[in-house]
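Comments concern the structure below.
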Amino acid sequence: MNTHTDVFLTQDGKAGAAGSPAPHESAALHVSGEASYVDDLPELQGTLHCALGLSGKAHAHISSINLDPVRQAPGVVAVLTASDIPGENNCGPVVHDDPVLADGVVRYVGQPVFAVVAHSHDAARRAARLAHIEYEDLPAILSPQQARSEQATVVPPMRMRRGDPEAAIASAPQRLSGSFACNGQEQFYLEGQISYAVPKEGHSLHLWCSTQHPSEMQAVLAHVLGWQAHQLQVECRRMGGGFGGKESQSALFACVAALCAVRLNQPVKLRLDRDDDFMITGKRHGFDYQYDVGFDQQGRILGLKLDMTLRAGHSADLSEAVATRAVCHVDNAYYIPHIDVQAVCGKTNTQSNTAFRGFGGPQGALLTEVLMDVIARKLELDPLDVRRANFYGINDRNTTPYGQTVADNVLYPLTDQLVADSQYQARRAAVSEFNRNSPVLKKGLALTPVKFGISFNVPAFNQAGALVHVYRDGSVLVNHGGTEMGQGLNTKVAQVTAAELGLDLACVRVTATDTSKIANTSATAASTGTDLNGKAAADAASRIRGRLAEFAAGRWGGTADSVVFAAGTVQVNGQHLPFAQVVDAAYWAQVQLWSEGFYATPGIQWDKQTMTGRPFYYFAYGAAVSEVMIDTLTGEWKLLRADLLHDVGRSINSAIDIGQIEGGFIQGMGWLTTEELCWNDQGRLTTHAPSTYKIPAVSDCPADFRVALFDKPNIKDTVHRSKAVGEPPLLLSFSVFNAIRDAVANARGAPGEPDLNAPATPEAILNALSGLPARSTA
Ligand code: MTE
Ligand code: HPA
Ligand code: MOS
């Protein structure tokens, strides 16, 4: 039978089939420099360049603005302000509170106030600095704590509650309360934000944009220009990284480029300089936490009260969904019977924070992972035993605080395998031994698990479309609604399509994401790219396969459902015919050789008011062990060894999956250790370039880095029974942070909890060693 599963099985192991570690579809192009990004497109004649003039104040009325010096600067063609916007001055994705250009009031240092268009990129940037703007200061809110105390929020506070945490904590044998904080994080995609807008005939526009969300760009442009969506075509071949930073925040640049292009009726490109990108765009939300936890002598949590304050920035952007995901990940891998979690999105006069790999999930789960170690140290137990005591059960203790049953729990076998493979117990003993004999250098070790919910927490977003063309020579072109940002989505979709038609991967090509091909797409986000678009492409390909099978049986005999597509051939009635021959014959018989496909994730449901439902189709799991060494004289540290075991279900492409796991882990490690966002007392971000903002380098990767896949098919009917992998591995980096805290606790000798927030920079580590209180960083 030519069923979906059979096709996969017959193809398994063959070059290019689903399940094989085929190289990234653009790998050779990436390394040769041939892969083209928006800035590499040949510029059309007459192309102009745009730069943005930015606010110098955190919160102020613009009392006067003189743009004459800008207009008069060499090479300048036009200067646009908010009053040049024909439609709505908003690029906010959910709440319409995000101006494209400031209108009378500025809300953060770095907010775009005007756009300059010039003959060259350089001329535009130089001119943008020449404006004379006078401000009348307004009271600014520069910290989330201040926002909280002034009840300034971008969306209403949210709360999830189960049971009676107050009573559970009051009657618990042990009780702890305290605070913790984590920093935000800049996405630091290698390719900055960029849009290239080209006016076309009859009031239409083609926009090339580095974005995770072409359909959203199209919709926002329509509002800003006062146009209909069909006048706008948005295209993205690939991004040089997005990491969430191009889910909503590519919109402002798309809008400005389009506004200028339409106004001047000439092509306009807007490419940000790195510093401007840092100053303008939102980042991961920093969090402040207050907790109160009750537990028993085994460290089992009986009740938890948690209050989280987020730095949302000046507008709502995606903060509500981020905070929701954070609240839904406080449980991480653990059953917490009585719980109350609150999240307040503090409105601050800083960049509007947005999606970043994990989307609030990391911030929610981090606190609980820190708590596990705090509890273990308090009870003088092995933190792994405390974790195991708290793990979700298989048949009981398996309901999340939001009411979803954890049906696919692999925490026990996964942790056991990692403990064995990493020699966790022996290494814990070795670390203690090392520390006894080493007065200055101290080691720490930690094991942390991950459970991450897969699906958009806005149920409707869990849908996707695809378009598959089979040409008469048997070659295949696939288009789908997802975007490629380096994560290997197009490679996986090509593999799935090839497997569906029994073809070699070389026969299949994936083309640029384009709103004129697939309409109303979701962002490529929430790690769902392959789950959604892979299924849609498989649906399209299987429709074509069905028609070809019908045709082949009619032409060569046998029944349609006994036709097999494998190894580039069509096996029909005992004959093996080349795929291309059957396709060409089908063409002459007037058979449709292209098809659309669609997929919607079944069974997703969420009640925003009660914060209950079934927001996730399934969970992805993982665990990691990290061993670090700190220098107690300088606060410097090094990750010596990391063992990662991660659950990707049945892998579609093990090479790409391992790349995602390594990348996510190292990116998370950067967030929790070296990357520090600092705003001064005027609200100006002072760490806005690689000189002051330190992302991990290759030398920060551990010399001993062991990454393995936990190989077990998804119990849900996902594409090839795989699991999403884009975000969950970022949370494996908690093991690095906890290992540093372990090393600090070991170094201090005296009992007590190290006062160490994230990021654990050398400075913070030194402070923690000397018992100085951690400063709040959110
Ligand atoms: N990997 C690379 N190389 N570049 C990226 O920008 N973004 C991450 C993750 N992995 C990203 C990445 C984020 S934030 C998400 S949500 C997923 O990829 C999105 O892609 P997917 O759904 O296809 O996994
Ligand atoms: N992740 C990313 N983007 C989103 C989500 C999510 O869970 N929900 C809504 N937008
Ligand atoms: Mo990823 S933060 O969902 O773009």
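Atoms within a ligand are numbered from 1 in the order they appear, just like the ligands themselves. Position 1 is the first residue of the sequence; numbering continues from there.
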Nearest 0.5 Å, what's the [atom1]-[atom2] distance between [X] and [Y]?
X	Y	atom1	atom2	result
Thr368	Ile339	OG1	CD1	7.0 Å
Cys209	Glu216	SG	CD	11.0 Å
Thr601	Asp531	OG1	CG	7.0 Å

Proximity flag Ala525 to ligand 1, non-hydrogen atoms under 4.0 Å:
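Flag set, Ala525 near ligand 1.
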Pair Lys283-Gln185, side-chain contact (heavy atoms from CB on, under 4.5 Å): steps then yes or no
CA-CA 6 Å; Lys283 296 139 208 337; Gln185 185 181 22; 5.8 Å; no
[X]-ligand 1 polar pair, N/O distance under 3.5 Å:
X	value
Gly529	yes
Glu727	no
Met485	yes
Thr524	no
Gln212	no

Inventory of protein N or O atoms under 3.5 Å from ligand 2 N or O:
| residue | atom | partner | partner atom | Å |
| --- | --- | --- | --- | --- |
| ligand 2 | 3 (N) | Glu247 | OE1 | 3.3 |
| ligand 2 | 3 (N) | Glu247 | OE2 | 2.7 |
| ligand 2 | 7 (O) | Arg325 | NE | 3.0 |
| ligand 2 | 7 (O) | Arg325 | NH2 | 3.1 |
| ligand 2 | 8 (N) | Asn457 | OD1 | 2.9 |

Please find out if less than 6.0 Å separates the ring center of [X] from that of [Y].
X	Y	answer
His329	Phe616	yes
Tyr693	Phe278	yes
Phe665	Phe705	yes

Charged N to carboxylate O below 4.0 Å: is that the case for [X] and [Y]?
X	Y	answer
Arg650	Asp711	no
Asp331	Lys451	yes
Lys492	Asp657	yes
Glu727	Arg357	no

[X] heavy atoms, cut-off 4.0 Å: which ligand 1 atoms fall inside?
X	result
Gly242	5 (C), 6 (O)
Gly241	6 (O)
Gly486	2 (C), 3 (N)
Ala526	16 (S)
Gly244	14 (S)

Sorted by first residue and then second, give each salt bridge (charged side-chain N to carboxylate O under 4.0 Å, His left out) pair with at least one member in residues 21-41; sequence neighbours left out.
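Those involving residues 21-41 are Glu25-Arg237, Asp39-Lys269, Asp39-Arg271.
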Write out the residue and atom name of the closest protein heavy atom to [atom], then the distance separating them to 0.1 Å.
atom	answer
atom 17 (C) of ligand 1	Gly726 CA, 4.1 Å
atom 20 (O) of ligand 1	Gln487 NE2, 3.1 Å
atom 5 (C) of ligand 1	Phe243 CE2, 3.2 Å
atom 8 (C) of ligand 1	Arg357 NE, 3.9 Å

Would you say the side chains of Asp277 and Tyr189 form a donor-acceptor pair under 3.5 Å?
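Their side chains do contain a donor-acceptor pair, which is all the 3.5 Å distance test asks for.
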We want to know whether Asn462 and Tyr617 form a side-chain donor-acceptor pair, criterion being a heavy-atom distance below 3.5 angstrom.
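Result is no, nothing qualifies.
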Residue pair Gln363 / Cys182, side-chain heavy-atom distance below 4.5 Å
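Side-chain contact under 4.5 Å: yes.
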Indicate, as side chain, backbone, both or neither, the part of Thr528 found under 4.0 angstrom from ligand 1 when only non-hydrogen atoms are considered.
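Looking at Thr528 and ligand 1, just backbone atoms fall under 4.0 Å.
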Per-residue contact class, Gln660 against ligand 1 - non-hydrogen pairs under 4.0 Å
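Near ligand 1, Gln660 shows its side chain, while the N, CA, C and O stay back.
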Should the pair Trp606 and Tyr402 be assigned to parallel (<30°), tilted (30 to 60°) or perpendicular (>60°) ring geometry?
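If you compare the ring of Trp606 with that of Tyr402, the planes turn out perpendicular.
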So which pairs with a foot in residues 241-255 pass side-chain hydrogen bond (donor to acceptor under 3.5 Å, both in side chains), sequence neighbours left out?
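Listed once each, the pairs are Glu191-Lys246, Ser210-Lys246, Thr211-Ser250, Ser248-Asp317, Ser248-Thr354, Gln249-Asp317.
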Report all protein residues having a heavy-atom distance below 4.0 Å to some atom of ligand 3; order the list by chain, then number.
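Ligand 3 is contacted, at a heavy-atom distance under 4.0 Å, by Gln212, Gly244, Glu247, Ala355, Phe356, Arg357, Ala525, Ala526, Glu727.
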With side-chain hydrogen bond (donor to acceptor under 3.5 Å, both in side chains) as the criterion, how do Asn183 and Glu676 come out once you've worked through the C-alpha distance, each side chain's angles and the decisive distance to 0.1 Å?
CA-CA 7 Å; Asn183 200 10; Glu676 193 169 24; 5.6 Å; no
